[in-house]
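One structure is given below, encoded as structure tokens.
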Amino acid sequence: MRKLAVADEVRVALESGRPVVALESTLIAHGLPRPRNQEVAAELEALLRDRGVTPATIAVIDGTPTIGLDADALARIAGSTDVAKLSVRDLPVACALRRTGATTVASTSLLAARAGIRVFATGGLGGVHRGWADSADESADLVTLARTPVTVVCAGVKSILDVGATLERLETLGVTLLGWRTDIFPGFYRSRTGFTLDWRVDAAGEVASVMADADALGLRSAVVVANPVGETDQLDRHLHDRVLAEALAEAARRGLRGKAVTPFLLETFHRETAGASLETNIAVVRNNVTVAADIATAWSGKPGVPRG
Ligand code: PSU
Ligand code: MN
């Protein structure tokens, strides 16, 4: 198997059974605007360290899948304009051609699992896009989570998506879905969608127990922990709905396809809400990182579970 470059502090933490949380880099390179993205990347790592958790931001650097970026690598991912967006299918190409790229939820989950990291924090999952019947646009995040044993803390799926269809796909694909202190599926920029959840957890130890039982049952699928953004941090509903309609119409006019769609929609939101969606997006990620830290800590403290 291809060798991963694992940062020393991440390797030592994993070997000694201390908590580690993986962070993705597409969110940094393609989801948040420069230069704020680099500040946020550093802040997320600091939030974890403050809680005694080792951060492992993941990307491909000059062809090497890298688990735990140093300051130079993080600056390259955040600062340059030509960082590729790498989903799972892009990983071998980036490796073979020695490219540098940011990893999505799908490829970050895969690389985290390969490195032995069990907990991962992001903003919102990809999913089934609105108008799927015409575009067949469904994020590779979903199929990858179906076969990757990682716990992903997110604020549900992005509200730019068809949330109901995405929930159906998660069910079909056998991805375990837990509401974090909520019975209602969260909507990324909004704290709630109209969809109720089957399962709710209220403590990190419960999530760690679900993970242990998933392992005991031989499941190889992900556990998604859906953590709503605080009500005071969510985006105003009317602003959200108006900008979303405009952004979707503009994406259709431009004929956007494939991996360009999601970054375009997020960027349009950040511009057309005069930064309000950016503040919500950052609040979402902070909130998820904090919960992921607690889950990773509970997981590392469980007797008899594999380290990581
Ligand atoms: N969460 C955010 N911002 C982002 C993403 C998640 O707050 O930019 C990224 C993740 O990397 C996710 C990707 O995997 O968006 C989904 O892209 P697509 O729809 O092309 O699969
Ligand atoms: Mn897509």
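On a predicted model such as this, the values are computed, not experimentally measured, just so you know. Order of appearance sets the numbers: ligands from 1, and atoms from 1 within every ligand. The first residue in the sequence is number 1, and the count goes up from there.
- To the nearest 0.5 angstrom, E272 atom CD is 10.5 Å from E267 atom CD.
- When only interatomic distances are considered, the shortest N/O to N/O separation between K259 and ligand 1 does not fall below 3.5 Å.
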Next on the checklist: K158 vs L265, test: side-chain contact (heavy atoms from CB on, under 4.5 Å). Steps then yes/no.
Outcome noted: CA-CA 10 Å; K158 292 191 204 62; L265 293 175; over 6 Å; no
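- In terms of polar-atom proximity, G124 is counted as a contact of ligand 1, with an N or O under 3.5 Å from an N or O of the ligand.
- For the ligand labelled ligand 1, residue H30 lies outside the 4.0 Å heavy-atom shell.
- Numbered from 1 in the order shown, with element, the atoms of ligand 1 that lie under 4.0 Å from a heavy atom of D141 read 12 (C), 14 (O), 16 (C).
- Relative ring orientation between Y189 and H270 is described as perpendicular, the plane-to-plane angle rising above 60° on a 0-90° scale split at 30° and 60°.
- For ligand 1, one of its N or O atoms has an N or O atom of V105 under 3.5 Å away.
- Counting all heavy atoms, side chain and backbone alike, L142 lies closest to G126 at CD2-O, 3.6 Å.
- Residue contact check: H129 has heavy atoms under 4.0 Å from atoms 19 (O) of ligand 1.
- Neither L4 nor V93 shares a network with the other; the hydrophobic side chains, linked directly or stepwise wherever heavy atoms of I, L, V, M, F, W or Y lie under 4.5 Å apart, form separate groups for each.
- By the criterion of side-chain heavy atoms lying less than 4.5 angstrom apart, applied directly or through intervening Ile, Leu, Val, Met, Phe, Trp or Tyr residues, L239 is grouped together with V284 in one hydrophobic cluster.
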Checklist entry - Is there a side-chain contact (heavy atoms from CB on, under 4.5 Å) between D62 and T100 once you walk through the steps? => result CA-CA 5 Å; D62 298 325; T100 294; 3.2 Å; yes
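- Atoms of ligand 1 lying under 4.0 Å from any heavy atom of T104, numbered from 1 in the order shown and given with element: 11 (O), 14 (O).
- When heavy-atom distances to ligand 1 are checked against a 4.0 Å cut-off, L266 comes that close only through its side chain, counted from C-beta outward.
- Within ligand 1, the atoms closer than 4.0 Å to a non-hydrogen atom of T122 are 1 (N), 6 (C), numbered from 1 in the order shown.
- At under 3.5 Å, not a single nitrogen or oxygen of T103, backbone or side chain, sits near a nitrogen or oxygen of ligand 1.
- Annotation for ligand 1: atoms under 4.0 Å from non-hydrogen atoms of L27 are 2 (C), 3 (N), 4 (C), 7 (O), 8 (O).
- Taking a cutoff of 4.0 Å between a charged side-chain nitrogen and a carboxylate oxygen, E246 and R253 do not qualify as a salt bridge.
- At a heavy-atom distance under 4.0 Å, only side-chain atoms of N281, from C-beta outward, approach ligand 1.
- The neighbour count for R49 CZ, taken as heavy atoms of other residues, nucleotides or ligands under 6.0 Å away, is above 12.
- Ligand 1 places these atoms under 4.0 Å from at least one heavy atom of F188: 7 (O).
- Atom OD1 is the N/O/S atom of D137 found closest to the Mn ion (ligand 2).
- Looking at T262 against ligand 1, only its side chain comes within 4.0 Å, counting heavy atoms.
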